[in-house]
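Scroll down for the structure; my scribbles are underneath it.
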Amino acid sequence: MTQADRRKRSTRMSKMVTSSAVTRMQRVLQKEMVREFLAEFLSTFVMMVFGLGSVAHMVLGDKMGSYLGVNLGFGFGVTMGVHVAGNISGAHMNAALTFTNCALGRMSWKKFPVYVLGQFLGSFLAAATIYCLFYTAIIDYSGGMLTVTGPTATANIFATYLPDHMTLWRGFLDEVLVTGMLQLCLLAITDKGNNPALQGTQALVIGILVVIIGVSMGMNSGYAINPSRDLPPRFFTFIAGWGTQVFSTKDWWWVPVVAPPLGAYLGAIIYLIFIGSSIQQGPQILETPSTYEDHGTPVLPKTTSHPPVISSLTPVSVFPDKRPSVLSHP
């Protein structure tokens with residue numbers, strides 16, 4: 001065999017190996033769990049980059065940012081995240097909402113760690129991205145000292161911290177209430193048996209909801225309302241040089257992890273009890289007497305009326321053909 005033939009054979013084998021690797025990767029990426037993980041990862045990254053970037057402008061910018069700008073950044077960051085992943089994973093972007101979906105039986109618990117891991121990694125990477133993007137501004141503003149408290153504190157760009165006028169337990173109750181409002185309103189926005197947002201406008205309406213929550217109830221605790229928004233960036237600041245004070249200051253770090261899931265669950269239960277039980281159900285008219293499709297899998301009878309109350313009032317997706325879920329916030 002000549003040298004030219006060997007080169008041709010090597011090139012063909014290289015192409016075959018590359019093609020085989022690409023095929024295997026495509027198969028992996030087409031798996032439902034992997035797609036949902038990547039959807040939560042990317043949507044949370046998008047939300048957090050816009051949100052944390054708006055906080056950086058407020059803290060560092062000197063007239064370049066404002067509290068309203070922070071609310072708009074997070075609110076419309078949520079809107080963009082919904083557009084990125086809403087038809088794949090439901091775009092939770094919030095571990096509290098994922099917990100509530102699982103607790104109410106709308107999603108399998110085996111998906112809980114997949115969703116939360118994607119959210120945490122996306123949020124952590126967003127914090128690292130904002131740190132790199134605003135590094136020189138952070139150093140200039142703080143004089144090279146990365147502090148958590150004081151007049152030149154910069155850790156609050158990445159995570160929430162309790163202000164002086166709040167106690168720990170008042171902050172806990174604040175997070176429970178605000179997250180409960182978020183979940184309750186999300187159910188109303190997506191409830192087809194009630195008065196949902198118009199098809200195609202849900203992402204925008206959810207973004208507006210986050211803005212409203214921020215401008216009306218965000219002062220006391222920074223409205224973390226999302227473990228995936230607060231804990232990963234806090235870990236990043238610990239690693240990046242702010243030190244252990246990011247966890248020890250007022251012992252606040254655990255509240256945005258524990259309070260939002262409790263608040264979201266309570267908000268969902270309140271909606272289901274007070275609103276869900278009052279919605280009238282139309283008579284069900286069966287379209288087919290069979291409870292089996294051609295492939296033999298048992299299915300529920302089809303109706304021409306509104307869906308059963310339990311289906312329409314548990315957390316449902318803005319994109320009903322996909323994951324039955326609700327969306328997020330900061």
Side-chain angles (χ1 to χ4, degrees), residues 43-84 86 91-97 119 122-123 126-127 129-130 133-134 137 153-163 165-166 170-171 173-186 188-189 197 201-234 252 255-256 259-260 263-264 267 318 326-330:
S43 60
T44 307
F45 174 80
V46 168
M47 175 190 75
M48 291 297 292
V49 163
F50 288 132
L52 296 182
S54 65
V55 180
H57 276 75
M58 181 181 72
V59 174
L60 308 172
D62 186 24
K63 299 181 181 180
M64 296 294 291
S66 66
Y67 181 67
L68 176 60
V70 171
N71 295 310
L72 292 172
F74 268 114
F76 292 110
V78 167
T79 295
M80 294 300 106
V82 173
H83 282 296
V84 167
H92 294 195
M93 301 177 280
N94 187 334
L97 303 186
Q119 294 161 10
S123 184
T129 300
I130 293 301
L133 190 62
F134 290 94
T154 48
N156 56 343
I157 294 172
F158 301 93
T160 62
Y161 292 88
L162 205 60
H165 71 272
M166 291 290 289
R170 288 184 68 87
L173 292 176
D174 186 81
E175 286 292 318
V176 169
L177 174 62
V178 177
T179 314
M181 291 294 292
L182 171 70
Q183 178 69 87
L184 187 150
C185 292
L186 283 171
I189 291 170
T201 68
Q202 299 96 331
L204 178 60
V205 174
I206 291 166
I208 293 172
L209 168 63
V210 173
V211 174
I212 293 171
I213 288 174
V215 299
S216 62
M217 295 182 287
M219 181 182 76
N220 286 332
S221 63
Y223 77 118
I225 60 175
N226 182 354
S228 307
R229 174 261 179 275
D230 198 83
L231 187 59
R234 196 180 297 274
W252 170 252
V255 174
V318 165
V326 288
L327 309 156
S328 56
H329 151 44

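Scope of the values below: all heavy atoms of this structure, side chains included, with no hydrogens, waters or symmetry mates.
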**Request:** Indicate whether any N or O donor in one side chain lies under 3.5 Å from an N or O acceptor in the other, for Glu175 and Ser221.
**Result:** yes

**Request:** Can you measure from CG (Asn226) to OG1 (Thr44) and round to the nearest 0.5 angstrom?
**Result:** 7.5 Å

**Asked** What pair of heavy atoms forms the shortest contact from Leu52 to Arg229, and how long is it?
**Response** CD2-NH1, 4.0 Å

**Fill in**
CE of Met47 to OG of Ser123, rounded to nearest 0.5 Å, is 6.5 Å

**Message:** When you compare the side chain of Val178 with that of Asn220, does any pair of heavy atoms fall below 4.5 Å?
**Reply:** no

**Fill in**
CZ (Arg234) and OG1 (Thr160) are apart, to the nearest 0.5 Å, by 5.0 Å

**Request:** Would you please test Phe74 and Val55 for side-chain contact (heavy atoms from CB on, under 4.5 Å) and show each step?
**Result:** CA-CA 9 Å; Phe74 268 114; Val55 180; 4.0 Å; yes

**Request:** Considering non-hydrogen atoms only, spot the tightest contact between Ala95 and Ser228 and give its length.
**Result:** N-OG, 3.2 Å

**Item:** Residues in side chain to side chain donor-acceptor pair (under 3.5 Å) contact with Ser54, at least two apart in sequence or another chain
**Value:** none

**Test side-chain contact (heavy atoms from CB on, under 4.5 Å) applied to Val210 and Ile225, step by step** = CA-CA 10 Å; Val210 173; Ile225 60 175; 5.8 Å; no

**Item:** Donor-acceptor contact present, side-chain Thr79 to main-chain Ala203, <3.5 Å
**Value:** yes

**Item:** Worked verdict on Met93 versus Val82 for side-chain contact (heavy atoms from CB on, under 4.5 Å)
**Value:** CA-CA 9 Å; Met93 301 177 280; Val82 173; 4.0 Å; yes

**Request:** Identify the two heavy atoms, one from Val211 and one from Gly75, that lie closest to each other, and give their separation to 0.1 Å.
**Result:** CG2-CA, 3.9 Å

**Complete:** Distance col, row Trp252:CH2 vs Met166:CE, nearest 0.5 angstrom, shows 7.0 Å

**Asked** Among Val215, Asp174, Ile213, which residue meets the side-chain contact (heavy atoms from CB on, under 4.5 Å) test with Tyr223?
**Response** Ile213

**Complete:** dist His165:NE2 -> Met219:CE (nearest 0.5 Å) comes out at 4.5 Å

**Request:** Measure across Asp230 and Ala224 and return the closest heavy-atom pair with its distance rounded to 0.1 Å.
**Result:** OD1-CB, 4.1 Å

**Asked** With sequence neighbours excluded, what pairs up with Phe134 under the ring-ring contact (aromatic ring centres under 6.0 Å, His included) test?
**Response** His57

**Asked** Would you say Thr179's side chain and Ala264's backbone share a donor-acceptor pair under 3.5 angstrom?
**Response** no

**Complete:** Taking every heavy atom of Gly214 against every heavy atom of Asn71, the minimum-distance pair comes out as CA-OD1, 3.2 Å

**Complete:** OG1 of Thr201 to CD1 of Ile208, rounded to nearest 0.5 Å, is 8.5 Å

**Heavy-atom closest contact (Asn94 atom, Gln119 atom, distance)** = C-OE1, 3.4 Å

